[in-house]
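One structure below.
Sequence lines set the chain letters: A, B, ... in the order given, protein chains first and strands last, and positions in each chain run from 1.
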Protein chains: 2
Amino acid sequence: MEQKINPSLANWLKILGEPNRLLLLNQIIEGICCNCELGESLSLSPNLISHHMSVLNESGIVKAERDKDDARWIHYSIDIDVMKEVNTLFNAFFDEGRIQPNKSECGPRKS
Amino acid sequence: MEQKINPSLANWLKILGEPNRLLLLNQIIEGICCNCELGESLSLSPNLISHHMSVLNESGIVKAERDKDDARWIHYSIDIDVMKEVNTLFNAFFDEGRIQPNKSECGPRKS
DNA sequence: CATATAATTCAACCATCATTGAACTATTAT
DNA sequence: ATAATAGTTCAATGATGGTTGAATTATATG
């Protein structure tokens, strides 16, 4: 298992911008937590799911832990603190209050 | 100029997840509006800027219009309504209130 | 008309990365 | 020990898309 990185906003958007990965994340948000169910509802192969889940896991937004009774199964869950961090980064950038009017230096010098 | 598309959330994240494109969008948010200034501050070639700007423009988040006095220049600005739409889409998906606890069907059947 | 400037378009190249199938690891069950 | 199950890792493939340089369009100027 690789080390956790602290992604920038652009990194986050790239990680989350992959359609299948966003669908997987949505499933986990909705309470689905093991690979078998993730796979059958999206009809993705196990190794592909494993790949996308490792990306989500390494980004930090998804936590993974093995089942107590049967360690073959893995349970996924959202790391709420990381999700809040993503929300903060996004909303800080896409804040409508940040939008500035066009600066006068733009274009040909009006004379 | 191509037609405007109405991107899904995954599309938006992919469009905005390109580092140079996000930097360009940031410049426009901060009031920079013509290619010359966008290029010199990020040291990107004109054709590359044109490419990224066309992606932003076709997505609808950036508006482009030619200068009244010298139509060779193009002025870019943010479409606030579209930006609000992006914010709405994002915050609807990444709403912490949506997070469900793990469903009991997950993993091996506890017996 | 000819030249210069701002920007776009085009073709090619290249890197990234999602996808696939097979091999492999780990755990559980018989 | 053997087989079965859940999941990962590996190598290879293929598609997407960012980047580059040259050619092209559009507008403005002498």
Side-chain angles (χ1 to χ4, degrees), chain A residues 1-2 5 7 10-25 28 32-40 42-59 62-76 105-111, chain B residues 1-2 5 7 10-25 28 32-40 42-59 62-76 105-111:
Chain A
M1 207 71 84
E2 324 291 305
I5 302 291
N11 281 339
W12 275 120
L13 298 177
K14 186 173 291 183
I15 290 170
L16 302 168
E18 209 290 312
N20 282 332
R21 206 143 54 209
L22 194 64
L23 288 173
L24 287 170
L25 184 61
I28 297 168
I32 302 297
C33 64
C34 66
N35 283 6
C36 47
E37 289 176 305
L38 292 172
E40 68 188 26
L42 299 179
S43 62
L44 300 176
S45 58
N47 50 358
L48 185 51
I49 295 188
S50 182
H51 167 248
H52 285 308
M53 293 311 300
S54 74
V55 173
L56 291 174
N57 182 43
E58 286 160 25
S59 78
V62 161
K63 294 178 289 189
E65 61 175 347
R66 295 194 171 269
D67 187 275
K68 310 293 182 194
D69 300 332
D70 188 335
R72 287 175 299 182
W73 267 267
I74 294 192
H75 296 274
Y76 298 108
E105 308 94 52
C106 271
R109 305 293 165 273
K110 314 296 170 55
S111 56
Chain B
M1 208 70 84
E2 323 293 305
I5 302 291
N11 282 339
W12 275 120
L13 298 177
K14 186 172 290 183
I15 290 170
L16 302 167
E18 208 291 311
N20 283 332
R21 205 144 55 210
L22 194 64
L23 288 173
L24 287 169
L25 184 62
I28 298 168
I32 302 296
C33 64
C34 66
N35 283 5
C36 46
E37 290 176 303
L38 292 173
E40 68 188 26
L42 298 179
S43 61
L44 299 177
S45 59
N47 50 359
L48 185 50
I49 295 186
S50 182
H51 167 247
H52 286 309
M53 292 310 300
S54 75
V55 173
L56 290 174
N57 182 45
E58 286 160 26
S59 78
V62 161
K63 293 178 289 188
E65 61 175 348
R66 295 194 170 267
D67 187 276
K68 308 295 182 194
D69 300 334
D70 189 335
R72 288 176 298 182
W73 266 268
I74 294 193
H75 296 275
Y76 298 108
E105 309 94 51
C106 271
R109 304 293 165 270
K110 315 294 169 57
S111 56

Expressed in angstrom and rounded to an integer, what is the separation of [X] atom [atom1] from [N] atom [atom2]?
X	N	atom1	atom2	answer
B/Asp70	D/dA26	CG	P	16 Å
A/Glu37	D/dG7	CD	P	10 Å
B/Asn57	C/dA7	CG	C1'	13 Å
B/Leu48	D/dT19	CG	P	5 Å
B/Ile74	D/dT25	CD1	C1'	12 Å
A/Ile15	C/dT16	CD1	P	16 Å
A/Lys14	D/dT16	NZ	P	17 Å
A/Asn20	D/dA15	CG	P	17 Å

On the nucleotide [N], are OP1 or OP2 found under 4.0 Å from the side-chain N or O atoms that [X] carries?
X	N	value
B/His52	D/dT19	yes
B/Arg21	D/dG18	yes
B/His51	C/dT9	no
A/Asn35	D/dT5	no
B/Arg66	D/dT27	no

Can you see which heavy atom on [X] is nearest to which on [Y], and at what distance?
X	Y	result
B/Arg21	B/Lys14	NH2-O, 3.7 Å
B/Pro19	A/Ala10	CA-CB, 4.2 Å
A/Ile15	A/Ser59	CD1-CB, 3.8 Å

Would you say that [X] contacts [Y] through its side chain, given a criterion of any heavy-atom pair below 4.5 Å between the two side chains?
X	Y	answer
A/Glu37	A/Cys34	yes
A/Val55	A/Glu18	no
B/Asp67	B/Ile74	no

From the list [options], which nucleotide is the closest neighbour of the side chain of [X]?
X	options	answer
B/Arg72	C/dT5, C/dT8, D/dT8	C/dT5
A/Tyr76	C/dT5, D/dT27, D/dT8	D/dT8
B/Ser45	D/dG7, C/dT19, D/dT20	D/dT20
B/Ala71	D/dT27, C/dA18, D/dG7	D/dT27

Closer to the 5' end of DNA chain C via nearest nucleotide, is it B/Met53 or A/Lys68?
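Checking each residue's closest nucleotide, the 5'-ward one belongs to B/Met53.
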Could you go through nucleotides 22-24 of chain D and list every protein N or O atom that sits under 3.5 Å from one of its N or O atoms, giving the distance for each pair?
residue, atom, partner, partner atom, Å
D/dA22, N6, B/Asn47, ND2, 3.4

Do A/Asn57 and A/Tyr76 have side-chain atoms, one donor and one acceptor, less than 3.5 Å apart?
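Short answer, no.
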Any side-chain donor near an acceptor of the partner, B/His52 and B/Asn20, under 3.5 Å:
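No pair is found: no donor N or O on one side chain lies under 3.5 Å from an acceptor on the other.
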